[in-house]
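Have a look at the structure below before the remarks.
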Amino acid sequence: MNALEAILKRKSTRAYGPAQISEEALENIIKAACAAPVGMARYDTLHITVVQNEDMLARIFNEAEEVMFKAVGIRKNMNFGAKTVIIVSSAPAYREGVEYAHAGIVIENMVIAATSMGIDSVILGGPISAIAQNEALKTDLGIKAVFEPLLAVAFGYGSEDTPVKEHTISVNRV
Ligand SMILES: Cc1cc2nc3c(=O)[nH]c(=O)nc-3n(C[C@H](O)[C@H](O)[C@H](O)COP(=O)(O)O)c2cc1C
């Protein structure tokens, strides 16, 4: 699968089967993350946390469920049964907001690499505030105080075959 095919094939998967991704696939996903461009080459401002420990996954997503329930009264577990979740954190970048661009680019590199290997994914902003607000959870995840968790992504093999969504973003040409 070439890069454009992987980009066009990517979709969010919200129901995963029991299979874990292989170590080789995980290494390739991390390699793709580390190949991402970062403004002023400040790679030191970013940190990646791979979570595969089942107790830790349960802790993160139970906490996220409670935070969402308190905020909007809806109870939903956003783990969707995925066995691998990767969190991208950042220290302050050279300009406010650039951290989010970096995290988004790192995440997109990972999901495109995963798609090219037949691995499904869903980008997760929802659980992030639950981690960021819980110092003990952040510490237990090995995320140092200087880093703020910004975006996460879940990987696995979808248990249902859902179609790729049609999207458009407005475009003008001058
Ligand atoms: C920054 C960002 C945060 C997202 N957060 C969530 C989330 O918390 N939960 C979720 O189910 N999907 C989340 N998504 C997935 C989007 O809902 C999804 O990409 C969008 O609906 C388009 O569908 P598709 O990915 O299948 O093309 C997020 C996507 C992005 C880019």
Side-chain angles (χ1 to χ4, degrees), residues 2-14 26-52 56-57 59-61 63-68 70-72 76 78-80 82 84-117 119-155 164-165 167-174:
N2 69 33
L4 184 59
E5 284 167 346
I7 288 165
L8 297 178
K9 220 176 160 230
R10 185 216 58 82
K11 63 186 177 196
S12 295
T13 296
R14 297 187 178 84
L26 177 62
E27 278 169 25
N28 283 329
I29 288 170
I30 295 169
K31 210 185 273 182
C34 296
V38 171
M40 302 183 81
R42 288 294 309 275
Y43 290 92
D44 60 310
T45 59
L46 286 164
H47 182 74
I48 291 167
T49 307
V50 178
V51 188
Q52 291 186 315
M56 186 53 86
L57 286 171
R59 194 171 152 198
I60 292 170
F61 288 94
E63 175 80 12
E65 190 176 322
E66 289 310 316
V67 168
M68 185 166 85
K70 277 186 200 137
V72 295
K76 185 175 161 193
M78 273 182 285
N79 178 229
F80 307 121
T84 297
V85 170
I86 297 184
I87 301 160
V88 178
S89 304
S90 180
Y94 55 89
R95 184 155 41 82
E96 204 183 333
V98 170
E99 304 90 335
Y100 290 95
H102 290 159
I105 292 165
V106 168
I107 291 270
E108 185 66 359
N109 263 21
M110 290 195 281
V111 297
I112 299 309
T115 306
S116 77
M117 294 184 286
I119 294 168
D120 299 308
S121 62
V122 60
I123 297 172
L124 296 170
I128 285 297
S129 55
I131 302 167
Q133 287 164 21
N134 186 328
E135 280 305 321
L137 181 53
K138 212 180 131 185
T139 303
D140 292 347
L141 280 164
I143 302 171
K144 293 192 179 127
V146 68
F147 294 114
E148 189 189 344
L150 297 181
L151 204 52
V153 55
F155 294 105
V164 172
K165 279 191 216 147
H167 302 116
T168 51
I169 294 177
S170 69
V171 177
N172 80 311
R173 294 179 59 164
V174 180

(request) Take Leu57 and Val51, measure what side chain to side chain contact (heavy atoms under 4.5 Å, CB included) needs, and give me the verdict at the end. (result) CA-CA 7 Å; Leu57 286 171; Val51 188; 3.7 Å; yes
(message) Let me confirm one number: the CG-CD1 distance from Leu141 to Ile87, rounded to the nearest 0.5 Å.
(response) 5.0 Å
(message) Give me the atom names and distance for the closest heavy-atom approach of Pro149 to Ile128.
(response) O-CG2, 3.2 Å
(message) Do Met56 and Leu137 make a side-chain contact, defined as non-hydrogen atoms from C-beta onward lying under 4.5 Å apart?
(response) yes
(message) Give me the atom names and distance for the closest heavy-atom approach of Gly125 to Leu151.
(response) CA-CD1, 3.8 Å
(message) Quick check for you: to the nearest 0.5 Å, what is the distance between Asp120 atom CG and Phe80 atom CZ?
(response) 13.0 Å
(message) A side-chain contact here means heavy atoms from C-beta on lying under 4.5 Å apart; do Val153 and Ile86 qualify?
(response) yes
(request) Please report the shortest heavy-atom distance between Ala33 and Met110, naming the atom on each side. (result) CB-CG, 3.5 Å
(message) Quick check against the 3.5 Å criterion: does Ser90 have a side-chain atom that pairs as donor or acceptor with the backbone of Thr45?
(response) yes
(request) Answer whether the closest heavy-atom distance between the side chains of Val85 and Phe61 falls below 4.5 Å. (result) yes
(message) Please evaluate residues Thr115 and Lys11 with respect to the criterion side chain to side chain contact (heavy atoms under 4.5 Å, CB included), reporting the C-alpha separation (whole Å), side-chain torsions for both, the decisive distance (0.1 Å), and the verdict.
(response) CA-CA 9 Å; Thr115 306; Lys11 63 186 177 196; over 6 Å; no
(request) For Ala130 and Glu63, work out which heavy atoms get closest and say how close. (result) CB-CG, 3.8 Å
(request) Go through Asn79 and Ile60 one step at a time and tell me if the side chain to side chain contact (heavy atoms under 4.5 Å, CB included) criterion holds. (result) CA-CA 9 Å; Asn79 178 229; Ile60 292 170; over 6 Å; no
(message) Is the shortest side-chain heavy-atom distance between His102 and Arg42 below 4.5 Å?
(response) no
(message) Show, in sequence, the C-alpha distance, side-chain angles and deciding distance for His167 and Ile169, and conclude whether the side chain to side chain contact (heavy atoms under 4.5 Å, CB included) test is met.
(response) CA-CA 7 Å; His167 302 116; Ile169 294 177; 5.8 Å; no
(request) Over all heavy atoms of both residues, which pair between Ser89 and Phe147 is shortest? Give the atoms and the distance, please. (result) CB-CB, 3.8 Å
(message) Can you tell me how far apart OG1 (Thr49) and CD1 (Ile143) are? Round to the nearest 0.5 Å.
(response) 4.0 Å
(request) Check Val164 against Leu8 and note the closest heavy-atom contact, atom names and distance. (result) CG1-O, 3.5 Å
(message) I need the Ile119 CD1 to Ile29 CD1 distance, nearest 0.5 Å.
(response) 4.5 Å
(request) Measure the spacing between CD of Glu108 and OG of Ser121 and express it to the nearest 0.5 Å. (result) 8.5 Å
(message) Could you measure the distance from the NZ atom of Lys9 to the CD1 atom of Ile7? Nearest 0.5 Å is fine.
(response) 13.5 Å
(message) Within the structure provided, determine whether Asn134 and Lys138 are in side-chain contact (heavy-atom separation under 4.5 Å).
(response) no
